[in-house]
Amino acid sequence: MKWSDIRTRVMLAALLPVLVVGIGLSVAFLLSRSSDLNESYQQRSRALARQLASASEYGIFSANEVQLHLIGLGAAKEPDVRSVDIFDRQGNLITRVGQPLFPHPVMGMQESSALDTSNDLDVLVQPVLGSQISLDDVFEMQGQSLPQPAQLLGHVVLVMSRQSLAELERGMLLLGVSITLGGLLLGALVAFLISRGVLRPIQRVSRQIERLENSELGFRALVHPNDPFANLQRGLNSMAKTLQDSHLLLEYRVEKATQDLRAQKETAEEATRSKSQFLAAASHDLRQPAHALGMFLERLVQFPHGDEETKVLDHLAASVRAQQDLLDSLLDIAQLETQSVKTSIRALSVREFFAPLVSGLHAQANAKQLDFRIRPSPLWVLSDSALLTRMLLNLIHNALRYTEHGGVLLACRPVQGGGLARIEVWDTGVGIAPQHQREIFKEFFQVNNSERNRSLGLGLGLGIVDRAARLLGHTVRVKSVLGRGSCFSIELPLALSPRPQSIVEARDPIPTNDLQGFRLLVIDDDVLVAEGMHMMLSSWGCDVVVASGIDEALVQLRAGQSPQLILSDYRLRAGENGLDAVRLIRAAAKFCIPACLMSGDIGENLSNLCRDAEVQFLQKPVRPAIVRNLILQLVR
């Protein structure tokens, strides 16, 4: 039985008052009746004792034992009388009827009583006093003196049993219990009838609510005219209809909103695809002429010219570098924003990773007479080589740009018990105020460069660092003191990895300080780019062969023009690509010719494809100095 059940509650509501009233009445009746019986018993016992004393007066006075014995026998016939003892004045027993079970108490001039609780007996002691008879004599009345006190003749001891009184009390108790039980049964019957009349409508309402709770909104309860909850059931039916209509309307709206969202999603995906295609096309189409412009400028600088021409060429070179930096930064931001960059996390040796940064950055440091140092480290880290290189180059370029005295330090050390590595770039530059240390990672934000001086950068480098770090799951931190310098750090996981195998070397290595006579195969379908590469490489003393596609390159190879290095664009004519060209040329030459793929595409994971094919990858526009250093490294 559940105490929270409504049927139980109704039964308790009906039975508890009956139980309380029945028990109360029974107790009151028993107490009252018991008191009356006890009082009646006491009065009868005292009256009998007094009658015995009065009847025994003459017998004791005349010492008539027979008469006294007959009086005792008559008293013994009364109910509850156990024994009768009659004593004289001196306390001598004159006659006894029955066997007393109680020691006689002290007998005096006053009546007394005692209770034998062990045998449930009452012992009453009644003194027998002599009666004074007044004589009606005129002469004696005149000389009448004061009345004399009554004389004690003896005592009557009456022993009464309470057994019948106890039986009467037990009978009354049983009667009270019977009355109480009868009242409870009657109350239970009444409660059952009441609960059945009340619970059925409540249960109907409860079942109706339960079905509504189970989303059976189409259910309608049958309303009985005499049902006390008829109005409630009608209200629930009306509410169910309203909920059903609202549910249907909501389903319709959700379905319509889902269709609208699906359409908007398809539109957004189409816009994203269009944006990606535009970025890929824009990247390729913008990088190609910028790359060719750099090659032509490199060749133009080699011609003899006067001071005025030198000044113009210096400005032209600065403009080209600024254009290339801006193009690289904008396209890098676009790639990271659209998450079109596919990362390749692998183990990198910090020592080998830092080595190429020395030659590329010492010239910039020497131009400002700064001390640029790299602290060697034996650690290995997990990261993407291309993105980590881009991040470190941006940080070091910023450090060199904003440092006028002192130097820049690149270092790496383990942190947090050896679980992470921290690559740090320290400088002794101008420093960054605390209120700007969060803003510097936003695009185009620069401290103290509201006039957009290009010599102070574009404000995109740290934005690229922040986006690349989030893409790789690395953490970028900055500590800076205004006027004393800054420290930018990148936290990344440590790795334990074997040293990667080197690619197969070319058969004809050349001296690292001279490219005279070095055989190069350039594959590019863009006439301006191919001509610019040919002019620049030829000016370095290289023997250059240019091909616009795979077939033309294979023809040159069969004609005996076996190259020592292949420089190819990725996109070629008729759906061909540079990786296929390198693979086919290596197969025809029957050895792994060192190769480099240069492309302006951003939509494909060319870096990973080139790594798998043992091909170096450079993204256009490529600066001539980088091309020269790459050639020297590949052919060693």
Side-chain angles (χ1 to χ4, degrees), residues 203-223 229 231-286 329-345 382-384 386-387 390 438-439 441-445 460 462-476 493 570-571 575 577 599-609:
Q203 289 175 344
R204 286 196 293 267
V205 173
S206 177
R207 285 193 295 270
Q208 184 179 5
I209 294 175
E210 183 178 357
R211 298 188 68 170
L212 293 178
E213 185 180 3
N214 294 331
S215 300
E216 298 182 29
L217 301 180
F219 173 75
R220 300 293 183 270
L222 180 62
V223 180
F229 298 103
N231 292 332
L232 177 60
Q233 288 182 306
R234 293 190 188 96
L236 289 175
N237 288 339
S238 177
M239 183 183 69
K241 184 178 184 303
T242 303
L243 288 175
Q244 185 180 23
D245 295 341
S246 301
H247 182 70
L248 294 176
L249 179 61
L250 182 61
E251 285 184 344
Y252 169 75
R253 290 179 177 177
V254 169
E255 180 64 25
K256 188 175 184 302
T258 302
Q259 293 177 357
D260 294 341
L261 287 175
R262 189 179 293 113
Q264 293 177 6
K265 177 176 177 290
E266 293 174 355
T267 303
E269 290 176 349
E270 181 62 29
T272 302
R273 286 193 294 269
S274 300
K275 181 180 179 181
S276 300
Q277 293 173 358
F278 169 76
L279 287 174
S283 173
H284 184 271
D285 296 342
L286 289 174
S329 299
L330 289 176
L331 291 176
D332 285 343
I333 288 289
Q335 284 181 286
L336 294 172
E337 177 69 25
T338 58
Q339 297 184 350
S340 59
V341 178
K342 295 182 180 179
T343 60
S344 176
I345 306 296
L382 286 173
S383 186
D384 182 273
L387 288 177
R390 184 64 170 158
R438 295 179 61 88
E439 304 293 328
F441 291 100
K442 295 181 179 179
E443 288 80 9
F444 300 104
F445 179 84
L460 295 174
L462 293 180
I464 294 175
V465 171
D466 181 60
R467 291 177 183 271
R470 280 185 282 153
L471 182 63
L472 294 172
H474 301 342
T475 302
V476 178
Y570 179 68
R571 289 192 183 187
N577 64 71
S599 176
D601 290 275
I602 64 172
E604 300 183 34
N605 192 14
L606 293 181
S607 178
N608 293 337
L609 295 176

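Heads up: numbering here begins at 1 and tracks the sequence. Note that the structure is a prediction, hence the values are computed from the model and not measured.
For the pair Arg262 and Glu266, the salt-bridge criterion is not met [side-chain N within less than 4.0 Å of a carboxylate O].
To the nearest 0.5 angstrom, Arg390 atom CZ is 13.5 Å from Asp384 atom CG. How far OG1 of Thr267 is from CG of Asp260: 10.5 Å, rounded to the nearest 0.5 Å. Atom CG of residue Leu243 and atom CG of residue Leu248 lie 11.0 Å apart, to the nearest 0.5 angstrom. Atom-to-atom distance recorded for Thr258:OG1 and Lys256:NZ is 11.0 Å, nearest 0.5 angstrom.
You'll find the side chain of Thr242 reaches within 4.5 Å of the side chain of Ser246, heavy atoms only.
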